Amino acid sequence: MSLNNSPKKNEMPCQDPKVRAKNFDEVALGYTEEQAIDEANRCLGCKKEPCREGCPVQVPIPQFIAKIKESDFAGAIATIKDKNALPAVCGRVCPQEAQCEKYCVRGKKGEPVGIGRLERFVADWERAQGVKPVECAPPTGKKVAVVGSGPAGLTVAADCAQAGHEVTIFEALHVPGGVLMYGIPEFRLPKAIVQAEIENLKKIGVKVEVDSVIGAIDTVDELLENEGFDAVFIGTGAGLPYFLGIPGENLNGVYSANEFLTRTNLMKAYLFPEYDTPIKVGKKVAVLGGGNVAMDCARTALRLGAEEVHIVYRRSMEELPARIEEVHHAEEEGVIFDILTNPTEIIGNDDNWVTGMTCLKYELGEPDESGRRKPVAIEGSDFHMPIDTVVVAIGQGPNPLVPRTTKGLETNRKGNIVASEETGATSKPRVYAGGDVVTGAATVIKAMGAGRVAATNICELLKK
Amino acid sequence: MYKILKKEVLSPTLKLFEIDAPKVAKKCQAGQFIILRIDEKGERIPLTIADFNREKGTITLIFAEVGKTTKQLGQMEAGDALLDFVGPLGRPSEIEKYGRVVCIGAGVGIAPVFPITRALKEAGNEVIGIAGARNKELLFWTDEFKAQCDEFHICTDDGSAGEKGFVSDVLKKIIEEKGKVDYVISIGPIPAMKVCAELTKPYGIKTFVSLNSIMVDGTGMCGACRVTVGDETKFACVDGPEFDGHLVDFNEQMRRAQIFKDEEQRALAAGSCGGGGCGCH
Ligand SMILES: Cc1cc2nc3c(=O)[nH]c(=O)nc-3n(C[C@H](O)[C@H](O)[C@H](O)COP(=O)(O)OP(=O)(O)OC[C@H]3O[C@@H](n4cnc5c(N)ncnc54)[C@H](O)[C@@H]3O)c2cc1C
Ligand SMILES: Cc1cc2nc3c(=O)[nH]c(=O)nc-3n(C[C@H](O)[C@H](O)[C@H](O)COP(=O)(O)OP(=O)(O)OC[C@H]3O[C@@H](n4cnc5c(N)ncnc54)[C@H](O)[C@@H]3O)c2cc1C
Ligand code: SF4
Ligand code: FES
């Protein structure tokens, strides 16, 4: 195979922006075999593997791409899965531009290799073939409880089950998957993909107990003392929505991003009234925030029939923390970006319904602790923005339920569980934690990485 | 799946279910609630734990048929099963020895106030109970409720049972007669709770109410259940559902209950029964 010298990635086939802005089907359609091989042939197979260094779980990137070049897709997926249990998910949602692709040598002159797209391609190829359940070690007779079924919990469950332990996942909601199910929308991550992964876990013996709020039905202590678990992993995520604390936030028509997305994704309000859960979206929607969550809300609002959707963000386009691809997709679909803007008050009518916001304009000042230039309000720049729906997407913190009900579990000032980065161990013996509940809202792959570390150490502990 | 072991029709629009849910029954306390979902397409709706039996592993629910989900629920029979049943959710009631307490259940509110009344009685309080409803047909569990009380009053809006008048009228009389009341818990429609709280405020009587905010997850994840208490925003599902009635912004709660009014009408119209024949309308 000869090297493909094109400075550009093979373009991702996508639904037309005008069409897709009105439906919930997946936006990006995935590479064909020809496109995948053509893209793989852009890879130089660098000996130093800079891309791999940029990957939070060190997927052997040049190696899996080399297998794609040879049309050995089974070999490629096996190479990835050695490090990453959920490649179909990560290929779709990882911020590759800030990780592997950021360090790709091809990116110095032109675009980097489309690593995420290739990862997705081989994962989808495998699913279409029918995934064979992995081999598990013989039963050890040890029991592991996993609290929360987001990417962190799923990783721990997979690794511990493979090591021969008896694993039970406890999930508060009625569907396992965490943010992958209730947060990230169908058009970005089809729910069938997540459920297929969970089915694979069940095939290797993992029990999934939905409707089980730990802290309410059983505490962590009770799992250890009464239910016979030898170790507990806490992966309860960052599910507590933050609000701005400005006047008018309890008006009708103001949603947290979590409520807005949960109603739509988990409860399928976009199919109301076939499904019973309603959602109400006005003509003019403002989404406050600039991350992935905000992009998802804005694009969801369009699909639910809003005529005009604004992202209202304090900093500039350069600082938007969302994945670049999602920002592009949102722009293509017609989302309006009101950057360097922030509301000071939400205004409502006598019936408690939102009618608008008072906003201030900002300019960028000196860099702050995060290294980003600090937005500074411009005096006297306040203006009225007529709006009838507001979605607050400024971040989430850890839900206090598990820490509050677990004796001797240390948390930090922000309420995150304190756990060692090297081992996942918490202040409490036999209790491990990882993912957003430890780091604060982060990424899918970081949660999976933390899950792997914790699982390795749980398995070590259980050998003793 | 969570099986319905028993169904009782308390009135044409008021039903009682006993649900097989041993894990919830083992843990729950007075004042807590559950969230259920009937089937795959169903909404998650919160209902208060009206009673529980730890030995049998059962939870008793009492619900009024007010919309799509509760009407569909009312059509279910003993032997049928619910797809999802989550709990126990919310903070338990603060049960203490207050002294003389008044427990008020208005309408369906009689159900949730029942286990709280029992717990307050067990804690050694002198308990005065008030059960109120629009009319005689909508009253239920009065004997059970009365059995937990040292003194018991019934009132109806139309006078078809007990005294004619609102629960707040009875409360007023009690306060005036007894001079001293140490604690009031009032559960029912927002206007009833609001009037009771306004009534006790000048007397400085600690008064708690239980809010039926709109909820989705019930675990503090969505914020749909926001309520202004004093100058703070609280989540009714995890910080409540009981709050200090003197601090709750009832007007905001009343208006927030209207958020999905149009959709609720549409859901009813589109409901599987089609609005005819089956008798659920
Ligand atoms: C809308 C949205 C879009 C995002 N987009 C991206 C993206 O494009 N790329 C990316 O990398 N990251 C993205 N993220 C972030 C990413 O999803 C999270 O970092 C990741 O899911 C964290 O995984 P986790 O396993 O720690 O927790 P979660 O995925 O949050 O899962 C935690 C689970 O624990 C359950 N739980 C909580 N409390 C209890 C309890 N007491 N008992 C039982 N169960 C409990 C919850 O119900 C939930 O299912 C996004 C997040 C959101 C909200
Ligand atoms: C903590 C709590 C405990 C409750 N306990 C009881 C109880 O013991 N018995 C009882 O009869 N009712 C109880 N309710 C109210 C009950 O949840 C609603 O009547 C039910 O959700 C209505 O659903 P629907 O589809 O039949 O009606 P809809 O047509 O959807 O709504 C009718 C009314 O119910 C309110 N409502 C709608 N959806 C919700 C929701 N998800 N959560 C709360 N309220 C909603 C609306 O404001 C509306 O006024 C409780 C509510 C809460 C929050
Ligand atoms: S850095 Fe880019 S070109 Fe080099 S091995 Fe990684 S993907 Fe291939
Ligand atoms: S119901 Fe979602 S936070 Fe209370």
Side-chain angles (χ1 to χ4, degrees), chain A residues 171-175 182-183 209-219 222 236-243 245 249-263 266-269 271-280 348-353 392 396-397 399-401 404, chain B residues 2 21 23-24 26-28 32 34-45 67-69 72 83-90 214 216-228 233 235 238 249 251-264 266-271:
Chain A
E171 168 55 48
L173 294 170
H174 56 263
V175 176
Y182 79 72
E209 301 268 357
V210 294
D211 296 337
S212 301
V213 184
I214 296 303
I217 195 131
D218 268 321
T219 61
E222 285 165 335
T236 47
L240 181 80
Y242 291 147
F243 287 88
E249 271 185 314
N250 292 350
L251 289 167
N252 295 2
V254 181
Y255 296 92
S256 75
N258 275 356
E259 181 184 358
F260 195 70
L261 294 171
T262 301
R263 284 183 179 275
L266 184 74
M267 306 311 297
K268 299 210 163 37
L271 298 174
F272 179 86
E274 186 198 339
Y275 282 73
D276 290 342
T277 305
I279 190 151
K280 203 179 194 105
N349 61 19
D350 290 344
D351 294 327
N352 211 45
W353 281 95
V392 184
Q396 297 95 235
N399 190 311
L401 190 58
R404 207 175 58 209
Chain B
Y2 301 83
K23 286 190 98 173
V24 183
K26 197 173 104 197
K27 274 302 171 74
C28 66
Q32 292 188 297
I34 58 92
I35 282 188
L36 63 81
R37 203 167 64 121
I38 297 177
D39 56 30
E40 208 39 62
K41 295 185 176 175
E43 188 173 13
R44 296 169 64 101
I45 68 154
K68 164 77 172 45
T69 305
Q72 193 184 337
L83 181 58
D84 295 293
F85 195 85
V86 197
L89 301 170
I214 289 182
V216 183
D217 60 300
T219 65
M221 184 265 265
C222 75
C225 59
R226 301 200 291 292
V227 43
T228 303
T233 292
F235 288 1
V238 285
D249 183 342
N251 293 338
E252 177 188 271
Q253 277 299 294
M254 216 138 24
R255 291 181 307 221
R256 283 188 68 80
Q258 304 291 314
I259 295 179
F260 298 107
K261 206 171 155 203
D262 301 345
E263 287 74 13
E264 285 155 7
R266 264 180 75 200
L268 258 188

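Since the structure is predicted, the reported quantities are computational estimates derived from the model, not experimental observations. Order of the sequence lines sets the chain letters (A, B, ...), proteins ahead of strands, with each chain counted from 1.
Per-residue counts of heavy-atom pairs under 4.5 Å with chain B were compared for A:N399, A:N250, A:N252; the largest is that of A:N250. Here B:D84 is the residue among B:D84, B:N251, B:T228 with the most heavy-atom pairs under 4.5 Å with chain A. Contact tally against chain A (heavy-atom pairs below 4.5 Å) for B:K23, B:R44, B:Q258, B:E40: the top residue is B:R44. Of the listed residues (B:M221, B:K27, B:M254), the one with the most heavy-atom contacts under 4.5 Å to chain A is B:M221.
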Practice prompt. Any chance you could lay out the side-chain hydrogen bond (donor to acceptor under 3.5 Å, both in side chains) test for A:T277 and B:E43, step after step, and finish with the verdict?
Written response: CA-CA 5 Å; A:T277 305; B:E43 188 173 13; 4.8 Å; no
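Under the 4.0 Å criterion applied to side-chain N and carboxylate O atoms, B:K26 and A:E222 are not assigned as salt-bridge partners. With salt bridges taken as basic N to acidic carboxylate O contacts below 4.0 Å, none links B:R256 and B:E252.
Looking at A:L173, both its backbone and its side chain come within 4.5 Å of chain B, counting heavy atoms on both sides. Of the two parts of A:E249, only the backbone, made up of N, CA, C and O, holds a non-hydrogen atom closer than 4.5 Å to a non-hydrogen atom of chain B. Heavy atoms closer than 4.5 Å to chain B are found in both the backbone and the side chain of A:K280.
Residues passing the side-chain contact (heavy atoms from CB on, under 4.5 Å) test with A:D350, sequence neighbours excluded: none.
A side-chain donor-acceptor contact under 3.5 Å links B:Q32 to the backbone of B:G90.
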